[in-house]
Protein chains: 2
Amino acid sequence: MALEHALLVALSERPAAGLELARRFDRSIGFFWSATHQQIYKVLRRMEDDGWVTAQTIEQSGRPEKREYTVTDVGHKVLADWISTTTPRAGFRSEIAVKMRAASYGDRDALLANIAELIADHRVRQGHYETMSARDYPEPQQLAGHELDTYLVLRGGILQETFWIAWLTEYLEAHA
Amino acid sequence: MALEHALLVALSERPAAGLELARRFDRSIGFFWSATHQQIYKVLRRMEDDGWVTAQTIEQSGRPEKREYTVTDVGHKVLADWISTTTPRAGFRSEIAVKMRAASYGDRDALLANIAELIADHRVRQGHYETMSARDYPEPQQLAGHELDTYLVLRGGILQETFWIAWLTEYLEAHA
DNA sequence: CCTTACATGTAATCCGTTACATGATTAG
DNA sequence: CTAATCATGTAACGGATTACATGTAAGG
């Protein structure tokens with residue numbers, strides 16, 4: 001029950017149509033709350049029915065029409081209320097953790113190869129985040145308000161990748 | 001599509017009935033793959049239908065009967081095959097990250113209070129893991145095989161909590 | 001007497017993924 | 001000529017949560 005709210009955040013930052021939101025999700029918020037376009041369309045319709053957003057149909061030359069969504073006063077209130085409700089600690093789910101524990105019941109070398117790949121993946125992703133951070137927030141100390149928030153969320157991505165690299169590396173080295 | 005496999009791991013370690021599995025999940029594997037008893041019962045039935053496990057009804061004096069499940073040869077093969085398939089990088093989903101980004105559209109102080117609570121939560125949980133680690137694995141260097149695996153998964157829990165504490169604290173301090 | 005623990009389940013609902021569909025335009 | 005891009009969607013399915021149901025026995 002939070003894709004709605006993630007969409008309200010994205011649309012508060014800037015009104016957009018479904019596909020554009022899907023693309024934006026792939027680049028920023030989606031790092032922490034992924035969603036496919038199908039799901040986004042479905043949820044946007046429901047949000048419109050509930051009066052959280054309004055849609056404006058925009059004609060485009062040589063392209064299909066798009067429906068651009070804007071957050072209503074109701075939507076802004078829903079978002080503000082949601083921010084004030086307490087979020088409980090998130091449950092952590094990891095398939096690779098289950099496999100780590102299961103390694104003695106299967107091919108450990110295959111698992112170690114899988115883990116080595118994952119480490120490489122996480123390094124790439126961490127590099128990606130760091131590039132974004134250096135490019136978009138060269139002077140973090142100067143930031144405030146919404147910009148400071150987006151920066152700190154990106155920092156979370158970097159720290160999260162650091163965690164993965166550390167843990168997976170520890171597993172690899174213990175079995176080296 | 002992995003609760004089945006988590007159950008195969010748990011049942012490979014030791015045969016058990018549904019409720020006992022639910023309890024075990026709350027204490028060990030469940031830290032990384034949570035499940036309610038309802039769901040566990042449903043999945044166990046399906047696994048039995050598929051021949052991955054067999055059930056033995058056990059009468060108990062003064063208590064309801066229980067169905068104890070054991071992994072079959074087929075089940076062991078399914079588990080081994082699954083371990084050899086590659087697991088992709090897990091998508092990270094965080095409601096609090098969405099709220100961090102949304103803070104300027106609502107009551108930031110309420111969010112900061114929420115985050116302070118979360119930090120306390122994560123500290124408690126980290127302490128819990130560390131106690132388990134010190135108690136069950138006093139000499140990690142000596143470990144091998146399945147025990148080493150369970151230790152390293154627990155280490156993952158500790159590192160994960162470290163990540164949360166670091167990130168949330170960074171957010172708090174940036175807004176202090 | 002009331003509550004908790006034991007033990008297994010059904011039903012409703014929700015959230016999300018995957019596959020498929022349409023139809024026009026632009027790039028190679 | 002083919003593939004990709006823009007833009008919006010439907011349909012089917014599966015995983016998971018929440019609420020509810022049953023019945024016995026021990027503990028306070």
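Chain identifiers are assigned alphabetically (A, B, ...) following the order of the sequence lines, protein sequences preceding nucleic acid strands; residue numbering begins at 1 within each chain.
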Exercise for the section: Establish, with yes or no, whether the OP1 or OP2 oxygen of D:dT5 is under 4.0 angstrom from a side-chain nitrogen or oxygen of A:Arg23. Expected result: no

Fill in the blank from the handout: To the nearest angstrom, the CD-C1' distance between A:Glu65 and C:dA24 comes to 13 Å

Practice task
Considering only NZ, NE, NH1 and NH2 on the basic side and carboxylate oxygens on the acidic side, decide whether A:Glu161 and A:Arg123 come within less than 4.0 Å.
Solution key: no

Handout entry: Gap between atoms CD and P, on B:Glu95 and C:dG16 respectively (whole Å)
Key = 11 Å

Exercise for the section: Would you mind reading off the distance between A:Trp33 atom CH2 and C:dT17 atom P, rounded to a whole angstrom? Expected result: 11 Å

Exercise for the section: Whole angstrom is fine here: how far is it from CG in A:Leu19 over to P in D:dA4? Expected result: 17 Å

Practice task
Specify the separation, in whole Å, of atom CD of A:Glu48 and atom P of D:dT8.
Solution key: 12 Å

Practice task
Taking only Lys NZ, Arg NE, NH1 and NH2, and the carboxylate oxygens of Asp or Glu, determine whether B:Lys77 and B:Asp81 approach each other closer than 4.0 Å.
Solution key: yes

Handout entry: ILVMFWY clustering at 4.5 Å (side-chain atoms), partners of A:Val124
Key = none

Practice task
Please state how far atom OH in A:Tyr41 lies from atom C1' in D:dA11, giving the value in whole angstrom units.
Solution key: 17 Å

Handout entry: Non-neighbouring partners of B:Tyr151 that pass side chain to side chain donor-acceptor pair (under 3.5 Å), sequence neighbours left out
Key = none

Practice task
Using the six-membered ring wherever Trp is involved, compare the ring planes of B:His122 and B:Trp164 and label them parallel, tilted or perpendicular (cut-offs 30° and 60°).
Solution key: parallel

Exercise for the section: For A:Leu44 and D:dT10, give me the distance from atom CG to atom P, rounded to whole Å. Expected result: 13 Å

Exercise for the section: Answer yes if the side chains of B:Thr162 and B:Gln126 hold a donor-acceptor pair under 3.5 Å, and no otherwise. Expected result: yes

Grab the N/O contacts between the protein and nucleotides 17-21 of chain D below 3.5 Å, and write none if there aren't any.
residue, atom, partner, partner atom, Å
D:dT17, OP2, B:Gln39, OE1, 2.8
D:dT17, O4, B:Lys42, NZ, 3.4
D:dA19, N6, B:Gln38, NE2, 2.9

